Amino acid sequence: MKAEEKTLDKRYEPGDVEKRWVDRWFELGLTRAKTGSDKPPFCMVIPPPNITGALHVGHALNSTLQDILARYKRMKGFNVLWLPGIDHAGIATQNVVEKELAREGLDRHALGRSLFVKRVWAWKEKYGDTILNQLKRLGASCDWTRLRFTMDEGLSKAVREVFVRLYSEGLIYRGDYIINWCPRCHTALSDLEVQFEETEGSLWYMRYPLKEPAGGLTHLTVATTRPETMLGDTAVAVNPADERYTEAIGSKVVLPFVDREIPVIGDESVQMEFGTGALKITPAHDFNDFDVSARHGLPALKVMDLSARMNEEAGVFAGLDRYEARKKVVEGLEGLGLLEKVEPYKVMLGECYRCSTVVEPTLSKQWFVRVKPLAAPATEAVREGRTRFVPKAWENTYFDWMLNIRDWCISRQIWWGHRIPAWHCLDCHHITVSTADPTECEKCASSRIEQDTDVLDTWFSSALWPFSTLGWPERTEDLETFYPTMVLSTSFDIIFFWVARMVMMGLKFMGEVPFRDVYIHALIRDAQGQKMSKSRGNVIDPLVMMDRFGTDAFRFTLTALAAQGRDIRLDEERVEGYRNFCNKLWNLARFTLMNLGAGYAEEVDPALYNSADRWILTRLSVCTEEASKAIEAYNFDDAARALYRFVWHELCDWYVELSKKDLRGENGGERRTVAAHVLSGVLNDTLKLLHPFIPFITEEIYSYLPGSGESIMEESWPEPGERFTEEAGAMENVMEVIRAVRNIRTEMNVPASARLECLCFSKDREMRQGVALGVDYIKVLAGVEEVAVKESGEKPGDAVSALAGSRAGGRVLEVFVPLGAHVDFDVESKRLKKNLDKVMDEKASLEKKLSNDGFLKKAPEEVVAKEREKLRALEEKREKLSSGLERIKGLGEVKG
RNA sequence: GGGCGGUUAACUCAGCGGUAGAGUGUCACCUUCACACGGUGGAAGUCACAGGUUCGAAUCCUGUACCGCCCACCA
């Protein structure tokens, strides 16, 4: 891969380079974690993407940030294990395969369970690694040899072990409860799998006649958003404190259509102000009603089947879909004169997170995890800081949820997933729960046993991810070495689904938190701030971005935008900007390589460094420290920005320009050698610093550098080097002069051909000396032919056509440009006037401040001193400006 | 109904007690031997609004407005 004589293209073309390095890293085994390493361990588990998934920007961001950590820690000398994996994604995958079957005119019932499951496995073999390849393409430096799948053998074992242990401790139970039912997927859903959508609905006021008049009432009017559920009503509830209905409590109403007599009960949960203050109770189809009925020992009556069609209990409505039934019920009531009124009303409708079908709360026999006993230690762990959220604000979200947590419905009526390890005895109905498949009932020894048909919620296996992937329940070396993991990086929307449950399970089964830090990254929106969604058509496809701008550019964009606690608005233009940055880096490398040539030396005596060398080395040292600190604090955006600024605005804009003469050999062979050495050294370190962010281009460039190893991944992370503060400061002053002269040049329309002489004044001796050292640089970079550095107060003599004041290190530095050039007096005097006005303003406010007793007394001394110094400087500046203005006026008149 | 976050240059965002910063865009000039995916220079902001704390507030506190998210069983 070395290309001694190869000349690099002017533009960096990412395509081939990226492919080549993905393969190369794998060949070299550089991303593999070592067993029995004496390096300190650093482990992260990847949030396993769904096998049905394709890489979206969220994955791209999260994986990029984790990759930065992994690469950084590796270079820092850690034994890094970034463990990859994929999730079997129960319902999602089943849906995909069912759709495939539908295209063939089949359905899963036609196939039968075992064939269907085989079919899903086949699908997984074929398409399951799509997203993994996309992650590889993104540069994710996972240990791909340790890839895990939530349904592989080891993990399935862990799932059974956990289920059995929780069951035997009474933390898993089976029972009839009201759950969220998806009538399309035909399965129960956990609370979290239901998404609420505000929908325009109606509030129907319906009259239920009282069996016998009570307290002057002949009927009760109830308000409901779901008239069809009245068929399953088993009571009407009113608030016992509601005087309107006091006498009705204890009496009965007759339910229309079905002529069922149901009691009127008193329950404090009823809001008197809402509707009529009378609430119909449908225990089998409403969460709240279920609770009320439980308090009063009421029966529950299901009136819908698994597809949300009305069942035989619904009498004449049987067989109708719930919405048709709603229409018919309303019409029927109207016919009976029992519909009092209808009001428009906004309802929050629960929808299935997979298929958006409106969920039907249904009474059903399901398996549950009793979470309260698990939640308590999980809350405690975060409170004690054993697990830390970054940004910390998310801890409150976590606590809130833990506090109000409800039992977790873990059974799903689908076929794809971990089947529940419970066997029902057909003779004695005992349930045998076991890690190994039993052959007989553990109670009556009957061999007539059947395994429960339900599978577990996908998140059940995900909850074990941090230890199941490391080999648990075996006590493997990986488990010993890498648990607890160091960081979990994920998005806020799965704090409940996943993070909280991992903490609970980790504490329960490992006795230790699963990770030290939880980094919650930003949510990516489109350029308009809209959430990306297929229906909006505003999805930015990471693969397209990577094709068009290169993976590095895309990664760098995501990183630079990843400020903590804030959403990201992703705009293509940003990616383009960072693509340009990559190109800039590429050309910096080209320039460096072009200049290494014969004079290049590996070692150079530091005593030979000049001011520019020492300046850039100092800046590099500062940048190194900034980047390291920022990564450690998860401020990836700060790190990216610091590096961007350093590369472009310090290294390229200044050092490269400052060193050009040296590199051309115009200042002798020694200078040439030293400059080449410094430039290539700085580039080398810069590449290392950038590598975690933009791995491909840095590897590629690194491979061309003399003395480079097989991969930049094996290099150590740079430590901040020696800083030459004073000399770097002097260099900054020189740069200030250069900028000032350039400024004058442009603003005064000084033609390139004009001879420019420059006079620099300062009272400060050190500054004068510093600038004097940079005279050569000023000449070259500002295009000035003569430079003189004088003590302030000396007469500028005849060189009075113009001047510019500029601040440098809090002191005023002046640059006089002599006659000889064409000078536009009009423009110049305007500029001076403007500057003067600005200075006067600043001065006025400073004077006010300094005449303020409070300020003088309370502000720290150094602040006051600083302000005094500033005022003095301003005063000087003002004098120069006004005298300059006077002189220009005079000249203008003479000339005119 | 609770809770959280946002409001800074045309756009996207940093800054979070000492009178404003970046990138993109824009304007002018530059086909200079790393790069026009480039260079140099410029213009551009009462830091949402109103009060308060402070010698001093974009920055802290209290309200208001508008945007966005999360949670919640008023049917």
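Computed from a prediction, not measured in an experiment: that's the story for all the values here. Convention: sequence-line order gives letters A, B, ...; per-chain numbering from 1.
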Do [X] and [Y] have side chains that approach each other closer than 4.5 Å (heavy atoms only, starting at C-beta)?
| X | Y | answer |
| --- | --- | --- |
| A:I631 | A:F693 | yes |
| A:R207 | A:L220 | no |
| A:M230 | A:T224 | no |
| A:Y398 | A:M402 | yes |
| A:V622 | A:F646 | no |
| A:R555 | A:M546 | no |

Please tabulate, one pair per line, each protein N/O and nucleotide N/O from nucleotides 25-29 of chain B that are separated by under 3.5 Å, including the distance.
none

Mind checking if [X] touches a base, just sugar-phosphate, or nothing, with heavy atoms under 4.0 Å?
| X | result |
| --- | --- |
| A:G277 | base |
| A:C652 | base |
| A:V270 | base |
| A:R739 | sugar-phosphate |
| A:T397 | nothing |

In whole angstrom, give me the gap between the [atom1] atoms of [N] and [M].
| N | M | atom1 | answer |
| --- | --- | --- | --- |
| B:C49 | B:A58 | C1' | 14 Å |
| B:G21 | B:U8 | C1' | 10 Å |
| B:A22 | B:C61 | C1' | 30 Å |
| B:A57 | B:G25 | P | 36 Å |
| B:G23 | B:C60 | P | 26 Å |
| B:U59 | B:G52 | C1' | 15 Å |
| B:G15 | B:U7 | C1' | 15 Å |
| B:U53 | B:A44 | P | 35 Å |

Considering residues at least two apart in sequence or located in another chain, which fulfil the side-chain contact (heavy atoms from CB on, under 4.5 Å) criterion with [X]?
| X | answer |
| --- | --- |
| A:R590 | A:L8, A:K10, A:W586, A:N587, A:M594 |
| A:K660 | A:F591, A:V656, A:E657, A:R664 |
| A:D653 | A:W648, A:H649 |
| A:D638 | A:A630, A:N635, A:R641 |

### Query
Can you list the residues that meet the ring pair (Phe, Tyr, Trp, His ring centres under 6.0 Å) rule with A:F497, with sequence neighbours excluded?
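With sequence neighbours excluded, A:F497 shows a ring pair (Phe, Tyr, Trp, His ring centres under 6.0 Å) to A:W459, given in chain and number order.
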query: Residues in ring pair (Phe, Tyr, Trp, His ring centres under 6.0 Å) with A:F549, at least two apart?
result: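 For A:F549 there are no ring pair (Phe, Tyr, Trp, His ring centres under 6.0 Å) partners, ignoring immediate neighbours.
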Q | Options B:A75, B:A34, B:C37, nucleotide nearest the side-chain atoms of A:N583 | A |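 Given the options B:A75, B:A34, B:C37, the side chain of A:N583 is closest to B:C37.
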Whole angstrom is fine here: how far is it from [atom1] in [X] over to [atom2] in [N]?
| X | N | atom1 | atom2 | result |
| --- | --- | --- | --- | --- |
| A:D493 | B:G68 | CG | P | 19 Å |
| A:F399 | B:G2 | CZ | C1' | 19 Å |
| A:F196 | B:A72 | CZ | C1' | 9 Å |
| A:D9 | B:A36 | CG | P | 12 Å |
| A:F492 | B:C69 | CZ | C1' | 6 Å |
| A:R574 | B:C11 | CZ | C1' | 10 Å |
| A:K584 | B:C35 | NZ | C1' | 6 Å |
| A:F581 | B:U24 | CZ | C1' | 16 Å |

Any donor-acceptor N/O pair under 3.5 Å between [N] base and [X] side chain:
| X | N | result |
| --- | --- | --- |
| A:K10 | B:C35 | no |
| A:R742 | B:U40 | no |
| A:R590 | B:C35 | no |

Heavy-atom nearest nucleotide on RNA chain B for A:R11 versus A:D286: which residue maps closer to 5'?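 That would be A:R11.
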Q.
Need to verify one output field. Residue with the more 5' nearest nucleotide on RNA chain B, A:D400 or A:L588?
A.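 Result: A:D400.
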*asked:* Tell me which pairs pass salt bridge (Lys or Arg N to Asp or Glu O under 4.0 Å) where either residue lies in residues 642-651 of chain A, with sequence neighbours left out.
replied: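 Salt bridge (Lys or Arg N to Asp or Glu O under 4.0 Å) check on residues 642-651 of chain A returns A:R619-A:E650, A:E626-A:R645.
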Check whether any side-chain nitrogen or oxygen of [X] sits under 4.0 Å from OP1 or OP2 of [N], and answer yes or no.
| X | N | result |
| --- | --- | --- |
| A:N580 | B:C35 | no |
| A:N743 | B:G42 | yes |
| A:Y345 | B:A75 | yes |

Whether the side chain of A:D637 engages the backbone of A:L561 through a donor-acceptor N/O pair (distance < 3.5 Å, no angle test) should be reported.
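No, because the side chain of A:D637 does not come within donor-acceptor range (under 3.5 Å) of the backbone of A:L561.
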Please check: side-chain N/O of A:R326 versus main-chain N/O of A:P227, any donor-acceptor pairing under 3.5 Å?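 Answer holds: no.
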*Contact residues, residues 636-649 of chain A to RNA chain B [heavy atom, < 4.0 Å]*: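 Contacts with RNA chain B under 4.0 Å: A:R641, A:Y644, A:W648, A:H649.
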Exercise for review: Return the residues of residues 653-662 of chain A meeting this criterion: a heavy atom under 4.0 Å from some atom of RNA chain B. Order them by number, or give none.
Suggested key: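 Nucleic-acid contacts, sorted: A:D653, A:V656, A:E657, A:K660.
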- Query: Which range-with-range stems can be found for RNA chain B when each stem has 3 or more Watson-Crick or G-U pairs in a row and both distances sit under 3.5 Å?
  - Reply: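 Stem list for RNA chain B: B:1-7 with B:65-71, B:10-13 with B:21-24, B:26-30 with B:38-42, B:48-52 with B:60-64.
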message: Checking ring pair (Phe, Tyr, Trp, His ring centres under 6.0 Å) between A:W394 and each of A:F399, A:F496, A:F492, A:W401, which is the one that passes?
response: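 For A:W394, the ring pair (Phe, Tyr, Trp, His ring centres under 6.0 Å) test succeeds with only one of A:F399, A:F496, A:F492, A:W401, which is A:F492.
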Please tabulate, for side-chain N and O atoms in residues 271-282 of chain A, each donor-acceptor pair with protein atoms closer than 3.5 Å (sequence neighbours left out).
from: A:T276; atom 1: OG1; to: A:T221; atom 2: O; distance (Å): 2.3
from: A:T276; atom 1: OG1; to: A:A278; atom 2: N; distance (Å): 3.2
from: A:K280; atom 1: NZ; to: A:T229; atom 2: OG1; distance (Å): 2.6
from: A:K280; atom 1: NZ; to: A:D233; atom 2: OD1; distance (Å): 3.0
from: A:K280; atom 1: NZ; to: A:T282; atom 2: OG1; distance (Å): 3.0
from: A:T282; atom 1: OG1; to: A:D233; atom 2: OD1; distance (Å): 2.7

